[in-house]
Student: 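Just dropping this structure here.
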Amino acid sequence: MAQVAEKLRKAARVILVGPPGCGKGTQSGRILARYPQITALSSGDLLRQNVRERTPIGIEAEQIMKSGGLVHDSTMVKLIVSELARRGWIESRGTHAAGLSAGTAKNYSNLPSASFMLDGFPRTHGQAVKLDEEVSMNFVVSIDVPHDVIIERIANRLVHVPSGRVYNLTWNPPRVPGVDDVTGEPLSRRADDCPETFRRRLKAYAEETLPLLEHYDKAGVLWTVKGNTSDEITPLLDAEFMRRFG
């Protein structure tokens, strides 16, 4: 689907939420192509960058990971706040540029160029609460695709593992059956694309994510879009973006 770039009139601070197989990655890519003022911020990338650059937060996180622990939610929030402050998109009282501590972020740039979309965080209600203490997100999108549609989509999915290219036997088949269009190498199915396995993943996702959605619904920033395909969802999402930020 061709994308025509649009300009935002104010800052969008966005989170996309959706079950595996719903096309969230497709929608993220289309949003970034259509709204060039939005920057994608991956919590995983920020973590790896800070570890690599030996920042105070990176050293703290690395020590936790080396001991076999999970990086604390508060540390992940520090990473995000530090990056936003570095870019000049928020002013956070008590937040050091090096990320030594996190204060309460009160002043947000409303310039369109300060728009960003978080990827990978938050995933749980607890993480959302921690993030809210520092950053006020203003648009949380819940992508709602029927589970039966997702299961059918997954059952017909083939991937080229080295590149990550994804094909679907129903609506995006490879030109030559079983072969990647670009390299000619064989395609395969992901090990966890078994329908029964995926049903369990969807059930677990729904149970974990419901409190997160309720949290943002109470905050007044949740918007749910329903559809069976990405091409159905994209125009609805575009219209809502322009209504809120255009």
Side-chain angles (χ1 to χ4, degrees), residues 5 8 10-18 20 24-141 161-165 208 212 216 221 245:
L8 304 177
K10 57 184 179 181
R13 298 183 291 274
V14 184
I15 299 170
L16 291 191
V17 182
K24 186 174 69 172
T26 297
Q27 297 305 329
S28 296
R30 290 177 178 179
I31 288 169
L32 296 173
R34 190 165 178 81
Y35 306 99
Q37 294 155 308
I38 298 178
T39 299
L41 295 180
S42 163
S43 59
D45 288 348
L46 290 177
L47 176 60
R48 287 184 287 273
Q49 177 185 333
N50 277 263
V51 169
R52 185 172 59 251
E53 295 177 356
R54 307 299 293 167
T55 68
I57 307 177
I59 293 171
E60 175 186 332
E62 185 178 40
Q63 290 173 342
I64 294 171
M65 291 186 291
K66 282 185 175 179
S67 69
L70 296 175
V71 178
H72 303 146
D73 293 344
S74 57
T75 301
M76 295 306 298
V77 171
K78 285 182 188 178
L79 286 170
I80 294 168
V81 170
S82 180
E83 180 66 15
L84 297 178
R86 185 186 70 81
R87 292 172 179 262
W89 294 348
I90 63 172
E91 293 179 9
S92 180
R93 291 199 300 270
T95 300
H96 299 289
L100 294 173
S101 65
T104 301
K106 292 295 186 183
N107 299 320
Y108 306 90
S109 172
N110 206 32
L111 294 174
S113 58
S115 298
F116 62 91
M117 180 165 55
L118 289 182
D119 177 37
F121 192 94
R123 295 180 184 273
T124 67
H125 173 262
Q127 290 175 348
V129 170
K130 284 290 184 184
L131 183 64
D132 280 357
E133 293 173 359
E134 298 290 342
V135 183
S136 177
M137 306 304 292
N138 59 11
F139 190 31
V140 178
V141 178
V161 175
S163 68
R165 279 185 289 275
E208 181 180 72
L212 175 74
Y216 283 120
V221 296
F245 306 106

Student: Report the C-alpha distance between L111 and Q37 in whole Å, list the side-chain angles of each, state the deciding distance to 0.1 Å, and finish with yes or no for side chain to side chain contact (heavy atoms under 4.5 Å, CB included).
Tutor: CA-CA 10 Å; L111 294 174; Q37 294 155 308; over 6 Å; no

Student: Please determine whether the number of non-hydrogen atoms from other residues, nucleotides or ligands lying under 6.0 Å from atom NZ of K130 exceeds 12.
Tutor: no

Student: Evaluate the criterion side chain to side chain contact (heavy atoms under 4.5 Å, CB included) for residue pair V17 and V141; output intermediate values, then yes/no.
Tutor: CA-CA 6 Å; V17 182; V141 178; over 6 Å; no

Student: List in chain and number order the residues that pass side chain to side chain donor-acceptor pair (under 3.5 Å) with Q27, two or more places apart in sequence or in another chain; answer none if no residue qualifies.
Tutor: T234

Student: With a 4.5 Å heavy-atom cut-off, do H72 and M76 have their side chains touching?
Tutor: no

Student: Can you confirm whether M137 sits close enough to V221 that some side-chain heavy atom of one is under 4.5 Å from a side-chain heavy atom of the other?
Tutor: no

Student: Looking at L212 and T124, what are the two nearest heavy atoms and their distance?
Tutor: CD1-O, 3.4 Å

Student: Within the 3.5 Å criterion, strictly below it, is a donor on E60 or T75 matched to an acceptor on the partner's side chain?
Tutor: yes

Student: If I compare all heavy atoms of Y216 with all of A128, which pair ends up nearest, and what's the gap?
Tutor: OH-CB, 3.5 Å

Student: Given side chains that start at C-beta, do those of M117 and L41 come closer than 4.5 Å, heavy atoms only?
Tutor: no

Student: Centroid separation under 6.0 Å, is that true for the rings of Y35 and F245?
Tutor: no

Student: Pairs in or reaching into residues 38-55: which pass salt bridge (charged side-chain N to carboxylate O under 4.0 Å, His left out), with residues at least two apart or in two chains?
Tutor: D45-R48, R54-E62

Student: Quick one: are M65 and L47 in side-chain contact, heavy atoms under 4.5 Å?
Tutor: yes

Student: Considering only heavy atoms from C-beta outward, does the side chain of R13 approach that of F116 to under 4.5 Å?
Tutor: yes

Student: Taking the side chain as everything from C-beta on, heavy atoms only, tell me whether V135 gets closer than 4.5 Å to W89.
Tutor: no

Student: Considering only heavy atoms from C-beta outward, does the side chain of F139 approach that of I15 to under 4.5 Å?
Tutor: no

Student: Backbone N or O of L131 within a donor-acceptor pair of the D73 side chain at under 3.5 Å?
Tutor: no

Student: If every non-hydrogen atom of I57 is compared with every non-hydrogen atom of S82, which pair is closest and at what distance?
Tutor: CD1-CB, 4.1 Å

Student: Do the non-hydrogen side-chain atoms of D119 and S28 ever get within less than 4.5 Å of each other?
Tutor: no

Student: Can you give me the closest heavy-atom contact between A11 and S109, atom names plus distance?
Tutor: CB-O, 3.5 Å

